[in-house]
Asker: 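Questions regarding the structure given below will be posed in turn.
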Amino acid sequence: MGTCRICKKKAPEISSLLSVCGRCIRENFSKVKEFLEEIHIGIKKEEGISLKKQRESRLRCELCINNCCLQEGEISFCGLRKVEKNKLVGPNRNFASLEFYFDPLPTNCVASFCCAATGCGYPQFSYTSGDELGYKNLAVFFNGCSFNCLFCQNYHYRKRLQFNNLVSVDDLLEAIDSKTSCVCFFGGEPSCQIEFTIEFSRRAIEVRKNRILRICWETNGSFNPKFNEEILNILLESGGTIKFDLKFFSPELNLALCGKSNKQSYDNFSFFARNFYRRKNPPLVCVSTPIVSGYTDEREVEEIAQFVSQFDRSIPYSLLGFWPCFYLKDLPPTSKELMYTCYHKAKKFLDNVNIGNKHLLT
Ligand code: SF4
Ligand code: SF4
Ligand code: SF4
Ligand SMILES: [Zn+2]
């Protein structure tokens, strides 16, 4: 139970850490901006990462929205790179900080209600005309992230960050066998190791030649837009789906709860949405939004759905149940009532709306 420092409302849906309600963040952002920034600076500081103003330095990384500019001894925002003896060390095009495992299909992938693993890509992109039973998904979890979401459900990656002992493209290629029909890049966030995802994809497609191997990304969309064309080609060639997790429509809510702007996420999403017509089935792109109690309301969902619908009403959209964790442990899980209100708002604009993580709803 928290109290909003602006409107003085008290409610279980107000995080005690944020101590400001969703409505006041949207409508009175200038009054809380600095306070909210301090929260994110404090969290990163505990992880040994300083968010001091970036200075000019020749050692920069431009893979994601953060455009880190580092000096000797400093660690990047994602926690994956640092400067050692005047060199930027950490993952690169050939080596990544990741974990991988197999999930039998059908799996609980964000797009599993609409993707090729349902059989909708048969025969070009699916092995079977129904669920691909007997086949599996190679799940590739990338450690590190470009955002700092207070509600992160996968925050454990923060303990697994490493600059050495990285996994090579060859190691990951070796894992693919004849029953692997898709690869999912998720995390954490693949944006911070996007070059590796592209290098691996290219080589995996080459190795598999004429057999189906779909390549999919699950992302907050914060990667450098210079990679858009290459990702698009891999998706079109392989039958994969890029899944954009658009967390908030309001830039203020995104800054408050994720610590970062959502502009690049929407710009990158727009690029893929403009290309959606090139392959609707299985869908080239889909969208998801976690419904964070007290902060993601029907207005947010309606605005996201309306934004997505300007490209195509049939772009799939999944609303995800939220379970309290990380820094928002004191919020209640998503209620059925809120979820269904959001669902009906989204349905006004989009034809294919799904509710994910139904088991979490209360
Ligand atoms: S990795 Fe892609 S094809 Fe496989 S289950 Fe997930 S969304 Fe579907
Ligand atoms: S973008 Fe995803 S992985 Fe990154 S902090 Fe947010 S919820 Fe966690
Ligand atoms: S990927 Fe990491 S190091 Fe590179 S710009 Fe983004 S946060 Fe900084
Ligand atoms: Zn308020």
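Just so you know, these numbers come straight off a predicted model, no measurement behind them. As the structure lists them, so they are numbered: ligands from 1, and atoms in each ligand from 1. Position 1 is the first residue of the sequence; numbering continues from there.
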Asker: Less than 4.0 Å is my threshold; does some heavy atom of Asn67 fall inside it relative to ligand 3?
Answerer: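 Yes.
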Asker: For atom 4 (Fe) of ligand 2, what is the closest protein heavy atom, and at what distance to 0.1 Å?
Answerer: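 Closest protein heavy atom to atom 4 (Fe) of ligand 2: Cys145 SG, 2.2 Å.
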Asker: Enumerate the atoms of ligand 3 whose separation from the nearest heavy atom of Cys64 is less than 4.0 angstrom.
Answerer: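 Near Cys64, meaning under 4.0 Å from one of its heavy atoms, ligand 3 has 1 (S), 5 (S), 6 (Fe), 7 (S).
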Asker: Would you mind checking which non-hydrogen protein atom is closest to atom 3 (S) of ligand 3, with the distance to 0.1 Å?
Answerer: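 Result for atom 3 (S) of ligand 3: Ser76 CB, 3.2 Å.
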Asker: May I ask whether Gly188 places a heavy atom under 4.0 Å from ligand 2?
Answerer: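 Distance cut 4.0 Å: Gly188 passes for ligand 2.
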Asker: Checking a contact table here: which protein heavy atom is nearest atom 5 (S) of ligand 3, and how many Å away?
Answerer: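 Minimum-distance protein heavy atom for atom 5 (S) of ligand 3 reads Cys61 O, 3.3 Å.
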Asker: Could you check, using the six-membered ring where one of them is a Trp, whether Tyr266 and Phe307 have ring centers closer than 6.0 angstrom?
Answerer: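 Ring centroids of Tyr266 and Phe307 are less than 6.0 Å from each other.
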Asker: Can you list the atoms of ligand 3 that are under 4.0 Å from a heavy atom of Cys192?
Answerer: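 Checking each atom against Cys192, I get 1 (S).
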Asker: For atom 6 (Fe) of ligand 2, what is the closest protein heavy atom, and at what distance to 0.1 Å?
Answerer: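 Here the nearest protein heavy atom works out to Cys149 SG, 2.3 Å.
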Asker: Could you list which atoms of ligand 3 come closer than 4.0 Å to a heavy atom of Arg81?
Answerer: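 Atoms satisfying the 4.0 Å criterion: 1 (S), 2 (Fe), 3 (S), 4 (Fe).
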Asker: Are Phe326 and Phe151 near enough that their ring centres are under 6.0 Å apart?
Answerer: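 No, ring centres 6.0 Å or more apart.
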Asker: Any idea which protein heavy atom is nearest atom 8 (Fe) of ligand 3, and the distance to it?
Answerer: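 Answer, as residue, atom name and distance: Cys68 SG, 2.4 Å.
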Asker: So, are Glu62 and Arg60 salt-bridged, with charged N and O less than 4.0 Å apart?
Answerer: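 Salt bridge between Glu62 and Arg60, a charged N being under 4.0 Å from a carboxylate O: yes.
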Asker: Within 45° of the six-membered ring axis of Phe77 and under 6.0 Å from that ring's centre, is NZ or CZ of Lys260 located there?
Answerer: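 Yes.
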Asker: Assess, by modelled atom type and distance only, whether the side chains of Ser250 and Arg26 contain a donor and an acceptor separated by less than 3.5 Å.
Answerer: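 There is no such pair between these side chains.
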Asker: Counting C-beta onward and ignoring hydrogens, is there a side-chain heavy-atom pair between Cys78 and Asn66 closer than 4.5 Å?
Answerer: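 No, their side chains stay 4.5 Å or more apart.
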Asker: Assert yes or no for the condition that the ring centre distance of Phe185 to Phe142 is strictly below 6.0 Å.
Answerer: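 Yes, they do, as the ring centres are separated by less than 6.0 Å.
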Asker: Look at atom 2 (Fe) of ligand 2 and say which protein heavy atom is nearest, naming residue and atom and giving the distance to 0.1 Å.
Answerer: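 Going by distance alone, atom 2 (Fe) of ligand 2 is nearest to Lys247 NZ, 3.8 Å.
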Asker: Considering only heavy atoms, does Asn154 approach ligand 2 within less than 4.0 Å through its side chain, its backbone, both, or neither?
Answerer: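 The answer is neither; Asn154 stays 4.0 Å or more away.
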Asker: Within ligand 3, which atoms have a heavy atom of Asn66 less than 4.0 Å away?
Answerer: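 Those of ligand 3 that fall under 4.0 Å from Asn66 are 7 (S).
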Asker: If you measure from the Lys or Arg side-chain nitrogens to the Asp or Glu carboxylate oxygens, is any gap between Lys247 and Asp245 under 4.0 Å?
Answerer: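 The answer is yes: the pair qualifies as a salt bridge.
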Asker: For ligand 2, is Gln153 a contact, meaning one of its heavy atoms is under 4.0 Å away?
Answerer: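 Outside the 4.0 Å threshold, so no.
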Asker: For the residue pair Tyr127 and Tyr135, categorise the inter-ring angle as parallel (less than 30°), tilted (30 to 60°) or perpendicular (more than 60°).
Answerer: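 The arrangement is parallel - the two ring planes meet at less than 30°.
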